[in-house]
Number of protein chains: 2
Amino acid sequence: MSRKTFQRLSLDVRRRSLMEATLTCVARHGLHGASVRRITEEAGVTVGLVRHYFGSKDDMIRNAYAYLVGQLTAQASESARAAEGTPEAQLASFLRANLTRPNMDEETVSLWATFIGRVRHDPGFAEIHRDGYREFLSVLETLIEPVLIHHGCPYSVAICRNHAIALNGLIDGLWMEGAINSGLYAQDILPDLITGAAERLLELPAGALSAPDIALQSTGHPINREQQSKPS
Amino acid sequence: MSRKTFQRLSLDVRRRSLMEATLTCVARHGLHGASVRRITEEAGVTVGLVRHYFGSKDDMIRNAYAYLVGQLTAQASESARAAEGTPEAQLASFLRANLTRPNMDEETVSLWATFIGRVRHDPGFAEIHRDGYREFLSVLETLIEPVLIHHGCPYSVAICRNHAIALNGLIDGLWMEGAINSGLYAQDILPDLITGAAERLLELPAGALSAPDIALQSTGHPINREQQSKPS
DNA sequence: ACTAAAATTAATCAATTGTATAACAGTGTG
DNA sequence: CACACTGTTATACAATTGATTAATTTTAGT
């Protein structure tokens, strides 16, 4: 009987491989069904490696969670950065990115929810969540600020922060319910829905986010305000 | 050695007791840590009863989830019904109720998230979630409609539904992040924050929801009002 | 009070869990 | 090309898991 042939991988590659297998298994079978054996099988290795690369299973799962959060915020920030243009275009792009693939993915949302459920009773998870949330809020504030200023809206740090909190809530809620979507409405209404909602939340003129630069206006919003002449 | 003395309870009482113990254990230890033994110990009975009252552990957990969702929507609807007054007051009361105790409870949110994480891969959970979500959306639409009409806002079934979807997203997101809250802001800002945000989302005049009848703007306390003097 | 039905306990089962350890094999270094 | 290093496999192990069954106790009906 011969042993399984294998390959020696670098620390980074193997760790990432194990974390991704962990995420896959947690998404598929939940935390209770994500056993060390299933995870290692998914990663194509044997159980011993868990101890070798992480202290324990719990340690591996915590690392996988941090890895996920990192990826999520990185993706979101990237969407914002990618949209070079007016502040409105950037904010709009960020909002839309959060409600379209690959960001709004059922598997990812399931994962996220599963981990969130552990935040309260696991200090390790709590810290990871807090950092991710702070980062997300910060990005949002950075995007909102110039838009408010550009439109001459009432502005202060507190106002900006409150807007970020509300907008973040809106994003999170729609992201979750939209991805899990129970077939109660079509998912593809969400990008337009959130840009419209954000306009009203921030009290921007209608169309400010749904048609910031080029005409990609597909919402049914009547444009009944003029107020387009603002010096850049 | 004598056996444990016990009491025969009615089917309803015992089942509820077991489901509540299940929720407690899932909240505390997660789905993976909520073993039959822990649950039955929490309920003060022995393991055999699970089979007697539910077919299996999974069955018991699904029932517990449905029980939780039922309680949640019932509580929320009740908050709305309790606030007799103008449509604005009812909507405001509903919104505030969702972001204050006992509705916004960290333990409950943890539970909810944990279960949501299973919706994708467990058809039983999916059905329970869908029904709960539909119910919640329906309540919201019912509350929004008269407010829109009363203020002469542009109104149609589609508009009303979109507002309900957005508002539901906002509630869910703030409810989650607020309850889990990572200390990044005080939780008690949320009731005022959401009424303000809802005013803008629905394009109501400022103060329409934050001061619908009497001035309860900045107090943050749900006012128990005895007399309804009705201003127009 | 007696009895029968049913609720509950207690004990047992095979399967699975996470962890630990020794043996092996691939890799780079001299 | 032999060597040592360590990534990796394979196996073992005690603990825990969910499920099952028989024995026992409570309760309701008469």
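Here the C1' atom of nucleotide D:dT17 and the NE2 atom of B:His29 are 15 Å apart, to the nearest Å. The distance between atom CD of B:Glu41 and atom P of D:dT16, rounded to the nearest whole Å, is 12 Å. C:dT17 atom P lies 13 Å from atom CE of A:Met60, rounded to whole Å. Distance A:Ile61 CD1 to C:dG18 P: 8 Å, rounded to the nearest Å. Taking atom CG of residue B:Leu49 and atom C1' of nucleotide C:dT9, one finds them 8 Å apart after rounding to whole Å. Atom-to-atom, CZ of A:Arg15 to C1' of D:dG7 comes out at 15 Å; the value is rounded to the nearest Å. In this structure, B:Gln7 places its CD atom 13 Å from C1' of D:dT25, rounding to the nearest Å. Separating the CG atom of A:Leu11 from the P atom of D:dG7 is a distance of 8 Å, rounded to the nearest angstrom.
Between B:Gly48 and A:Gly48, the one whose closest nucleotide on DNA chain D sits nearer the 5' end is A:Gly48.
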Could you walk me through whether A:Phe94 and A:Leu140 pass the side-chain contact (heavy atoms from CB on, under 4.5 Å) test, one step at a time? CA-CA 9 Å; A:Phe94 180 79; A:Leu140 213 38; 3.5 Å; yes
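Side-chain contact check for B:Thr100 versus B:Leu190: every heavy-atom pair is 4.5 Å or farther apart.
Here B:Arg14 lies in heavy-atom contact (under 4.0 Å) with sugar-phosphate atoms only.
At least one donor-acceptor pair closer than 3.5 Å links the side chain of A:Thr114 to the backbone N or O of A:Ser110. In this structure a side-chain-to-backbone donor-acceptor pair under 3.5 Å is missing from A:Thr108 to A:Met104.
Side-chain nitrogen and oxygen atoms of A:Arg3 include none within less than 4.0 Å of the OP1 or OP2 phosphate oxygen of C:dG26. Note on A:Ser35: a side-chain N or O is less than 4.0 Å away from OP1 or OP2 of C:dT17. Contact check, B:Arg38 against D:dT16: no side-chain N or O comes under 4.0 Å of OP1 or OP2.
Not counting sequence neighbours, the partners of B:Val69 by the side-chain contact (heavy atoms from CB on, under 4.5 Å) test are B:Tyr65, B:Ile128.
Closest contact between the side chain of B:Val47 and the listed nucleotides D:dT20, C:dT17, D:dT9 involves D:dT20. Listed nucleotides D:dT9, D:dG18, C:dA10 differ in distance to B:Thr46; the shortest reach to its side chain belongs to C:dA10.
Here the rule is salt bridge (Lys or Arg N to Asp or Glu O under 4.0 Å) with A:Arg28, and of A:Glu42, A:Glu106, A:Glu107 only A:Glu42 fits it.
A:Arg200 and B:His163 share a donor-acceptor pair across their side chains, judged by distance under 3.5 Å alone.
Residues from residues 50-58 of chain B placing a heavy atom under 4.0 Å of any atom in DNA chain D, listed by number, are B:Arg51, B:Ser56, B:Lys57.
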